[in-house]
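Presented below is the structure to which this report refers.
Predicted model only: the values in this text are computed from it and were never measured.
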Protein chains: 2
Amino acid sequence: MKSSVEPLKARRIYLLLRDRIVAGDLPPGGRLPGEPALAAEHAVSRVTVRRALDLLEKEGLVQRKAGSGTFVHDSRAVRPIVADLSNVLSHLIDMGRSTDVKLLSFGYVAPPEAIAESLGLKPGERVQRSVRVRLIDGEPFSYLTTHVPEWLGLTYSEAELAARPLLELIERSGVKTERATQAINATLAGPEAAAALDLEIGSPLLTLTRIVHDPSGRGVEHLHALYRPDRYSFHMDLVRIGDDGERRWSPALGRPRAPSKKGR
Amino acid sequence: MKSSVEPLKARRIYLLLRDRIVAGDLPPGGRLPGEPALAAEHAVSRVTVRRALDLLEKEGLVQRKAGSGTFVHDSRAVRPIVADLSNVLSHLIDMGRSTDVKLLSFGYVAPPEAIAESLGLKPGERVQRSVRVRLIDGEPFSYLTTHVPEWLGLTYSEAELAARPLLELIERSGVKTERATQAINATLAGPEAAAALDLEIGSPLLTLTRIVHDPSGRGVEHLHALYRPDRYSFHMDLVRIGDDGERRWSPALGRPRAPSKKGR
DNA sequence: CAAAGCTGTATTATCGATCATACAGGTTCC
DNA sequence: GGAACCTGTATGATCGATAATACAGCTTTG
């Protein structure tokens, strides 16, 4: 039996160290073992350890000081944007107003089968497909692929899509958006997403797939979003409800989140 | 400038094809381009294309037929478990009752700084640390690392933790769990998690970090969960609420999910 | 200052991933 | 049947990742 392929030892050590850092095992500001020590510990060459540390440094997780050591970066340069789940999408509309959007692709195509089905399209019906990237402070953090039925897509122009949130354009057209279903998952960055998000191929990404329906149940928007996990994550507050036999967690709604007191 | 490291071309092509498959671009049951065609398209040797296809086949995404071609597997072998967000945690209690749990590690340790802080522990206070794996139909799908203050952890035994959901044990001890905050994100599998979840190192994982508080605000549980995205994902229904000027999405609560109508 | 430790850099050697090519055997279609 | 495709398999050559080693320059410590 051929042994399975080992995809880069450097990557393995990078992952190990990264886990220990984000888990708080190696506290911020602390110095991690020297390169020779790490090399011995993992039974690899020092060159390989260095490449792992290169990756960590490029992500801003560690800071190297020649002659001194390698330290866990305490104030992570870019703080992740926190998306409160109680207003998942409105937060995105806010985002659309306070961040930059780059439109990478725009056009009308025949939809993939899965998307046609989820939107409830008739066979042969075409869709508008757009790919956008959102940036915060000039840095990309999300890669959005949307599919909208052609009849709806035609109510706005390419320039409008580049400037305004898609949901706003949809509602402007008179379509009511009442319900949506969404799924949150994880994947690896493919070549296009990696390039757009300024990442290595194979980096982890948060995914959000949302299908928006109008009151009649007709699908009006299929959104596939990829997020850089270091710049974006979903947060939510939960409260425990129900009687003893049937206690559950439920998202804490309505209550606006207390403003962050951190001075930064 | 040295060009950045390209970690395995085979992996790159694997990711490309995988994306097209899960996006529905290559419809289930369909045949994908021949190996020579793929090799030419990506400017890569056929051997490399084969290794990418090997990965896809091992994940059950494609099926190869000698002499005929490579086809997208239409009935994906393992369906992801769907976690409805309206009862994120109670669903986990249900899981705990209908799935197997393996306890990989159990003990009392000094907590990492980040965890001590999030639980509001006094300096020097120790915690119970446990690592568990959940399996569905004998297949692992989640890797759970929990930290509980020592005084609380001592109210149950290692054997009880292996048999019953942790939150149940906490509540049994008389501690009231009222509030929790959680964050959903994505990472790559490190060596231990990869081994426990039967994955390659560097596979993508969904992460859930939850901190449970009692009514006085004291932290009683710190949970770090890693999920295999092919076997687990978060789903939720949203409704649009609010007046025109301030419309938002809100999780649809209470209403039990309509049973899926798909025959399949 | 000097010793010890660290990161930064370079060199050569080895091993694995990838390439280019060729051929065997199955499937599809005419 | 036979041509044209496909996957499965094997070969030797090439290139990149890793190993082993050495040294320069900086920082910290005594």
Please name all residues satisfying side-chain contact (heavy atoms from CB on, under 4.5 Å) with B:Ala196, sequence neighbours left out, ordered by chain then number. B:Leu104, B:Val133, B:Tyr143
D:dG16 phosphate, OP1 or OP2, under 4.0 Å from B:Lys9 side-chain N/O: no
B:Gln63: partners by side-chain contact (heavy atoms from CB on, under 4.5 Å), with sequence neighbours left out: B:His73
Please tabulate, for the side chains in residues 24-44 of chain A, all donor-acceptor contacts under 3.5 angstrom to protein atoms that are two or more places apart in sequence or on a different chain.
{"unit_1": "A:Asp25", "atom_1": "OD2", "unit_2": "A:Arg20", "atom_2": "NE", "d": "3.3"}
{"unit_1": "A:Glu35", "atom_1": "OE1", "unit_2": "A:Arg46", "atom_2": "NE", "d": "2.9"}
{"unit_1": "A:Glu35", "atom_1": "OE1", "unit_2": "A:Arg46", "atom_2": "NH2", "d": "3.0"}
{"unit_1": "A:Glu35", "atom_1": "OE1", "unit_2": "A:Arg50", "atom_2": "NE", "d": "3.2"}
{"unit_1": "A:Glu35", "atom_1": "OE2", "unit_2": "A:Arg64", "atom_2": "NH2", "d": "3.3"}
{"unit_1": "A:His42", "atom_1": "ND1", "unit_2": "A:Leu38", "atom_2": "O", "d": "3.0"}

With salt bridge (Lys or Arg N to Asp or Glu O under 4.0 Å) as the rule and sequence neighbours excluded, what pairs involving residues 185-197 of chain B come up? none
Each nucleotide of nucleotides 3-14 of chain C classed B (base within 4.0 Å of a protein heavy atom), S (only sugar-phosphate) or -, in 5' to 3' order, makes --BBBBB-----
Hits for side-chain contact (heavy atoms from CB on, under 4.5 Å) against B:Ala194, two or more places apart or cross-chain, chain-then-number order -> B:Ala189, B:Ile201
Restricting to side-chain contact (heavy atoms from CB on, under 4.5 Å), what partner residues turn up for B:Pro112, sequence neighbours left out? B:Ile115, B:His147
Short N/O separations, protein against nucleotides 12-14 of chain D, under 3.5 angstrom:
none

Which residues pass the side chain to side chain donor-acceptor pair (under 3.5 Å) test with B:Thr145, sequence neighbours left out? none
Which one, D:dA17, C:dC19, C:dA17, comes nearest to the side chain of B:Arg51? C:dA17
Under the rule for side chain to side chain donor-acceptor pair (under 3.5 Å), what residues qualify as partners of B:Ser130, not counting sequence neighbours? B:Thr146
Any donor-acceptor N or O pair under 3.5 Å, side chains A:Tyr108, A:Glu150: no
To the nearest angstrom, the CZ-P distance between B:Arg12 and C:dC19 comes to 11 Å
If we fit an axis to the first five pairs and another to the last five of the helix from C:dC1-D:dG30 to C:dC30-D:dG1, what angle do they make, to the nearest 10°? 40°
Mind checking side chain to side chain donor-acceptor pair (under 3.5 Å) for A:Thr209 and listing every partner two or more places apart, or none if nothing turns up? A:His224
N or O in side chain of A:Ser45 less than 4.0 angstrom from D:dA19 OP1/OP2: yes
